[in-house]
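Taking it in order: structure first as structure tokens, then the write-up.
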Amino acid sequence: MNEYILEIKDLNKKYDGFAIKDLNLQLPYGCIMGFIGENGAGKSTTIKLILNLINSDSGEITLFGEQNFPLSKKLKENIGVVLDENSFPQDLSVNTIHKIMKNSFKNWNEIKFNNYLKRFTLPLDKKIKDLSRGMKMKLSLAIALSHQAKLLILDEATSGLDPIIRDEILDLFMEFIQDESHSILVSSHIMSDLEKISDYIAFIHSGEMVFCEEKDKLIEKYGLLKCSHEEFETIDKAYVIGQRKHSFGVEALIKKNMIKGNFQIEAAGIEDIMLYNVKEINS
Amino acid sequence: MRGLIIKDLANMLTQKRLLLIIGVLILSGLLIPGMNADFALGLISTISIIVLLTLFSLDELSNWNKYALTMGLSRKDLVLSKYIIAIIFLGVTFLLAVILGIIVGQRSPGEIITVAGLIASSTAVIISFLLPPIFYIGVQKSKLFIMIPIMIMALLGKYIPDISHVLAYLKYLPLLAVALLLISIQVSLMLIAKKEFN
């Protein structure tokens, strides 16, 4: 078995005014990878490239050790996808969607799907257009989890949902990942969610991968320094990733093991790491 | 692919208002004084195309194709399922034309079959021109392509002095329709292979 469930090597895709540049990413089996970046950074484009919805200019994507071009039906059966938009025909009922899925996936598990419907209290007779965004998202997830998929790919699946529904969904992810042959790639703007569940964080900015690392290592590596302007002047700037100066002092993201001295260094969250990296790149 | 056909048929049944208008129009051809059965027969072809376009529009509105391609379905499935639906529509068009012909009772059984065959064949010709661009650029931008077969017919009428010569070849229209449909499927498969689903 290949070491990675998903591997991207030197991926390039050029549009007018935007490009994915030499993107590399490796998602091992049994892991959740949070895919982060600001709007327009290239997260959705990367996901579309993985799913072969758009064609790359160069580079290689392998899923379960097989190239994704063309993405075979067999490979697709192994991937559960939840996109940021709801793509079901609006006038059809949940029951009709079930019939469509049953006739579209070879490995469709009707019992599993019905169990998810019960768990999410999704009514079979309700039309898609009458479901709330949260309900639609739950339906998408129920489908993604009911055809024996081994890899879940979710593009902004939890955005716009209330914390209770998000928490339910995160629980589902944790259940899914109990099987070590399963993995999840989840893009989201909600860093607190990713911080809770991710093993790896991949951070993309302007189409380029800034880092793709284990979350624990990132949190270990970076710290949030809070000090006065005078104290900040004494620090080696080579270890400062980004900074924010205000009238009463400086807050900076630093490589904390490299900073010597008695400073107030707090744990940096994924959001801090992303924000200060973007600040630094933009400056 | 069966799932896609189920989806299209279910989508069609949700268009109750459209189906009601179709029924009213066909009946008006038969019942309203001044209208005639030929008017209703002409309508059947137009209506088949409108219903087919509506199915494409519904897919486009919900961005269905992009999602469908993440399921256990291929681009080929997307194309073939729509042509199967189109062929089902052509069959229904033929049957309706036969039923209407029988109800009106002005023609012999042979004439009824011929007229129904010509209506279904001309519908197939229009669909053949219409579907490839729809797969590539979407239904909204493709409506102009419906003009191609109509313009060809208009030009034939204008530049061929003795139209009766052409009419003699009408019996070959079903064959032409089948050939065009097969070419249309190949072109659609070629175009969808290149399409990017953003």
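The chains referred to below are lettered A, B, ... by the order of the sequence lines, with proteins before strands, and numbering in each begins at 1.
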d(B:K7 NZ, A:T96 OG1) to nearest 0.5 Å is 12.5 Å

Taking every heavy atom of A:V81 against every heavy atom of B:Y67, the minimum-distance pair comes out as O-CE1, 4.0 Å

Most contact-rich option vs chain B, by heavy-atom pairs under 4.5 angstrom, among A:L83, A:N55, A:N86, is A:N55

Between A:D91 and B:Q15, the two heavy atoms sitting closest are OD2-NE2, 4.0 Å

For A:P89 and B:N11, the nearest pair of non-hydrogen atoms, with its separation, is CB-OD1, 3.5 Å

Contacts of A:K112 meeting salt bridge (charged side-chain N to carboxylate O under 4.0 Å, His left out) (sequence neighbours excluded), chain-then-number -> none

Cut-off 4.5 Å, heavy atoms of chain B, and the answer for A:F88 is both

Minimal heavy-atom distance between B:E196 and A:Y15, with the atoms involved, is OE1-OH, 4.1 Å

inquiry  = Around atom NZ of B:K195, are there more than 12 heavy atoms from other residues, nucleotides or ligands closer than 6.0 Å?
reply    = yes

Within residues 57-66 of chain B, the residues sitting under 4.5 Å from chain A by heavy atom, in sequence order, are B:S62, B:N63, B:W64, B:K66

Checking heavy-atom separations under 4.5 Å from chain B, one finds in residues 114-137 of chain A none

By residue number, those in residues 68-78 of chain B with heavy atoms under 4.5 Å from heavy atoms of chain A are B:L69, B:T70, B:M71, B:G72, B:L73, B:S74, B:R75, B:D77

**Prompt:** In terms of heavy-atom contacts, does NZ of A:K150 have more than 12 from other residues, nucleotides or ligands at under 6.0 Å?
**Reply:** no

dist B:D8:CG -> A:I100:CD1 (nearest 0.5 Å) comes out at 8.5 Å

